[in-house]
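As the structure is a computational prediction, the values presented were derived from the model and not from experiment. Every number for a ligand or one of its atoms is a count from 1 in the order of the listing.
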Amino acid sequence: MDRARFEHLLTRRASRRQVLGVGSAAALAAVVSLPGRPSRVLGQGTPAASPVASPTFGANPFALGVASGDPLPNGVVLWTRLAPSPLGGMDPVPYDVRWEVARDEAFAEVVQTGVAVAAPTLGHSVHVDVTGLDPASVYHYRFLVGGEESPVGRTRTAPAAGAAVDRLRFALASCSHWEHGYFTAYRDIAAQDLDLVLHVGDYLYEYPAGEQFRPSRYDPVREHAGGENRTLADYRNRHAQYKSDPDLQAAHAEFAWVTAWDDHETENNYAAAISEDSEPTDAFLARRAAAYQAYYEHMPLRPSSMPIGPALQLYRRLTFGTLAEFSVLDGRQYRTDQPCGDGVGVRCPAALDPNATMTGPDQERWLLQGLDASAAIWNVLAQQTMMAQLDTDPGAPVEVPLDQWDGYPAARNRILAHLASRGIANPVVLTGDIHSAWVNDLKTDFADPDSAVVATELVCSSVTADNPFAPALGLLRGFNPHIRFYDGTHGYTFCELTPDAWRADFRGVTDVTVEGAPVETVASFVIEAGSPGAREA
Ligand code: CA
Ligand code: FE
């Protein structure tokens, strides 16, 4: 959610999207089938052309840091991207990059090593899908090229399948806007003892320099480079600018990340092939392809997620022994257009259309089948927009933000009814997008305060992205009795899971416009296993 949507939330202006029709599946299919995409093996060890043997760089080419992600019991993805300056500076030729995985930080006990190709077609990014590692184990990794060494990263594999796991700790984060503040929350994440970081979208914002400050409430603490992201070069440079941040680099280097995008990695409030601003479908899909490729190039995703045109397989499942299973959802790529626009208002009849979908039918089927098959104590839906109903007006009828699940109530109710009817163990929905922290009871009937709580929703605040209407949002609790907590402080949510309980600490940065400001726990909630709904700890 961005500033424009907050303005909608309080002023209820009609959305420009309301005048648009449904997206073109045929146009999407045409672009998806375009030939000439990069080979799936690039960046994974097979040279496309003869890599440069002994390259020299004007500066250390690892200026964007290192990362790891998507831990499995036997492996993890390692990432880096060669860029001597954050905005590039590479010759358009492939380079051989050596990688090393060790048990210790000094690399005395190297357990695996190999060579991956950093290809110019993928922005000289490197994605190594390391396998053959031990479960539930800490490893250290680094990259080497032309006599230059990367920073050392640390990662941890997932526990063995079926293993009893005492504890899992992770940070839930979303909505980091370069111009709105310093990434102090990421620095605080890096200082924790975590198994992983879960980022549920708006990792960056596509806006041009300073746009969100005209007219200005206050000055940006730092400015985006360039205009609004539209081309591959634009998106690459924006990712690189964000990755130049030392706090973000530290959080990536410390822990494996699991990432899922929301809208701003591409464009505010887009839905599948439909842009916010009525761009022609073909042009928007070309833009989406650029955004998705840049996202792949900068995230520790498996090469199996390499985009094909404007399509990227992002939804996936990660399991941590018998303790927790995460279904990581993609709420943007397969959406039907917001049935009643993307503003705030009374639901139009089209909202009740059972074909209106946030996930698309394939992902929804995959989600429900996966939940049925899960043996985990905690079943997590890691996703983007708020699932709880958010009535914004004290009178009747209900008026809701239509870009979130409130705009797709039939799809929401199918998922919640499935959780209830199948008795899915301890479902917890994790959410970002709304730039504020919430704890919600999820129900199949939000109109009935006495109806059963089906699942618990934890919403993390934004790392920095602006929430100018924070006090007003808090007032909504008064007529949304399923909301148990609201707080508008920027930050993230620390989660600790055991077989008996899930603890959530809402960490708040006292001032994101001051570098290194203190971070404190604003509130703590606990979900007892077997009893949906969180209570204040
Ligand atoms: Ca968003
Ligand atoms: Fe956001």
If I take every N, O or S atom of [X], is at least one of them less than 2.8 Å from the Fe ion (ligand 2)?
X      : answer
Tyr205 : yes
His177 : no
His435 : yes
Asp433 : no

Roughly, to 10 degrees, what angle do Asp263 atom OD1 and Asp433 atom OD1 form around the Ca ion (ligand 1)?
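OD1 of Asp263 and OD1 of Asp433 make an angle of 140° at the Ca ion (ligand 1), to the nearest 10°.
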
What angle, to the nearest 10°, do the atoms OD2 (Asp202) and OD2 (Asp262) form about the Ca ion (ligand 1)?
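Angle OD2(Asp202)-the Ca ion (ligand 1)-OD2(Asp262): 110°, rounded to 10°.
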
Salt bridge check: are [X] and [Y] linked by an N-O gap of less than 4.0 Å?
X      : Y      : result
Arg222 : Asp245 : yes
Arg484 : Glu457 : no
Glu297 : Arg236 : yes

Of all residues at least two apart in sequence or in a different chain, which pass the ring pair (Phe, Tyr, Trp, His ring centres under 6.0 Å) check with Trp261?
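Trp261 satisfies ring pair (Phe, Tyr, Trp, His ring centres under 6.0 Å) with Tyr292, Tyr295 only.
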
How about His264 and Tyr207: are their ring centres within less than 6.0 Å of each other?
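When the ring centroids of His264 and Tyr207 are compared, they turn out to be within the sub-6.0 Å range.
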
The criterion is side-chain contact (heavy atoms from CB on, under 4.5 Å); which residues satisfy it with Gln369, sequence neighbours excluded?
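Only Arg365 meet the side-chain contact (heavy atoms from CB on, under 4.5 Å) criterion with Gln369.
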
Restricting to N, O or S, what is the name of the atom of Asp202 that lies nearest the Fe ion (ligand 2)?
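Within Asp202, restricted to N, O or S, the Fe ion (ligand 2) is closest to atom OD2.
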
Below 3.0 Å, any N, O or S contact between Asp403 and the Ca ion (ligand 1)?
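No - counting backbone and side chain alike, Asp403 has no N, O or S atom under 3.0 Å.
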
